[in-house]
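Before any comments, here is the structure.
The analysis underlying the following values was restricted to heavy atoms, covering all of them including side chains, and did not include hydrogens, waters or symmetry mates. Please read these numbers as outputs of a predicted model, since none were measured by experiment.
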Amino acid sequence: QVQLEESGGGSVQAGGSLSLSCAASGGTFSSYAMGWFRQAPGKGREFVAGISRVGLNQYYAGSAKGRFTISRDNAKNTVYLQMNSLKSEDTAVYFCAADRKSAGVSTLRSQYDYWGQGTQVTVSS
């Protein structure tokens, strides 16, 4: 079983940048596709970005495309989300998740098996 711990959240002004990290332990990290999701107050949890097991494929939600970059370092058991040009609507709790089944990248919340506890990102306008 994989344990996931996010870090790097915080408060930033609109137009600024934040970098999130998610450290994994307890499993073979390179066996999992990884994803970032977010949940804003009063809304459901939505897919933000995903990356395949060895990082060859990445996929982004439309809201993240061109502004966010997902990457992973399998030697460090860590997945990252670099967020640039942040907007107030990016305010949410951000979760990383591990998918042990997909060969590629899934956008479906139900496909992911393990979740971190989340880190808050607040963007002020």
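Enclosure of atom CD in Q3 by more than 12 non-hydrogen atoms of other residues, nucleotides or ligands within 6.0 angstrom is indicated. At most 12 heavy atoms of other shown residues, nucleotides or ligands fall within 6.0 angstrom of atom OH in Y59. Other residues, nucleotides and ligands place more than 12 heavy atoms under 6.0 Å from the CD atom of E89.
Applying the side-chain hydrogen bond (donor to acceptor under 3.5 Å, both in side chains) test to pairs two or more places apart or on separate chains, those with a residue in residues 6-17 are S17-N84. Pairs of residues two or more places apart, or lying in two chains, never qualify as salt bridge (charged side-chain N to carboxylate O under 4.0 Å, His left out) while including a residue from residues 50-60. The disulfide bond (SG atoms under 2.5 Å apart) pairs that include a residue from residues 39-92 number zero, where partners must be two or more places apart or lie in different chains. Screening residues 60-93 for disulfide bond (SG atoms under 2.5 Å apart) gives no qualifying pairs among residues at least two apart or on separate chains.
In this structure, R72 contributes its side chain and G55 its backbone to no donor-acceptor pair below 3.5 Å.
Annotation for A24 and V2: closest pair CB-CG1, 4.1 Å, computed over non-hydrogen atoms. Considering all non-hydrogen atoms of both residues, V79 and F29 come closest at N-CZ, 3.9 Å. Summarising the geometry of Y60 relative to A49, their closest heavy-atom pair is CD2-CB, 3.6 Å, with the distance given to 0.1 Å. In this structure, A64 and V48 approach most closely via the heavy-atom pair CB-O, 3.7 Å.
Residues satisfying the side chain to side chain contact (heavy atoms under 4.5 Å, CB included) criterion with S31, sequence neighbours excluded, are T28. Scored by the ring-ring contact (aromatic ring centres under 6.0 Å, His included) test, F47 finds F37 as partners (sequence neighbours excluded). Here R45 pairs with Q39 under the side-chain hydrogen bond (donor to acceptor under 3.5 Å, both in side chains) rule; sequence neighbours left out.
How far CD of Q58 is from CZ of F68: 15.5 Å, rounded to the nearest 0.5 Å. N77 CG to C22 SG: the interatomic distance, rounded to the nearest 0.5 Å, is 10.5 Å. In this structure, the separation between OH on Y32 and CG on N74 is 12.5 Å, given to the nearest 0.5 Å. One finds the CG atom of L86 at 10.5 Å from the OG atom of S124 (value rounded to the nearest 0.5 Å).
Cluster note: Y80 groups with no other residue, as no ILVMFWY side-chain heavy atom lies under 4.5 Å from it.
Contact of the T91 side chain with the Q120 side chain is registered, since non-hydrogen atoms from C-beta on lie closer than 4.5 Å.
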Enumerate donor-acceptor pairs with a distance under 3.5 Å from any side-chain N or O in residues 92-103 to protein atoms, sequence neighbours excluded.
residue: Y94; atom: OH; partner: R38; partner atom: NH1; Å: 3.0
residue: Y94; atom: OH; partner: D90; partner atom: O; Å: 2.7
residue: D99; atom: OD1; partner: K101; partner atom: N; Å: 2.8
residue: D99; atom: OD1; partner: S102; partner atom: N; Å: 3.2
residue: D99; atom: OD2; partner: S102; partner atom: OG; Å: 2.5
residue: K101; atom: NZ; partner: Q111; partner atom: O; Å: 3.1
residue: K101; atom: NZ; partner: D113; partner atom: OD1; Å: 2.6
residue: K101; atom: NZ; partner: D113; partner atom: OD2; Å: 3.2
residue: S102; atom: OG; partner: Q111; partner atom: NE2; Å: 3.0

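The cluster map of Ile, Leu, Val, Met, Phe, Trp and Tyr, joined by side-chain heavy atoms under 4.5 Å apart, puts Y114 and L81 in the same cluster. Residues V105 and L4 fall into different hydrophobic clusters, defined by Ile, Leu, Val, Met, Phe, Trp and Tyr side chains chained together at heavy-atom separations under 4.5 Å. In the hydrophobic clustering of ILVMFWY residues, with side-chain heavy atoms under 4.5 Å counting as a link, I51 and W36 come out together.
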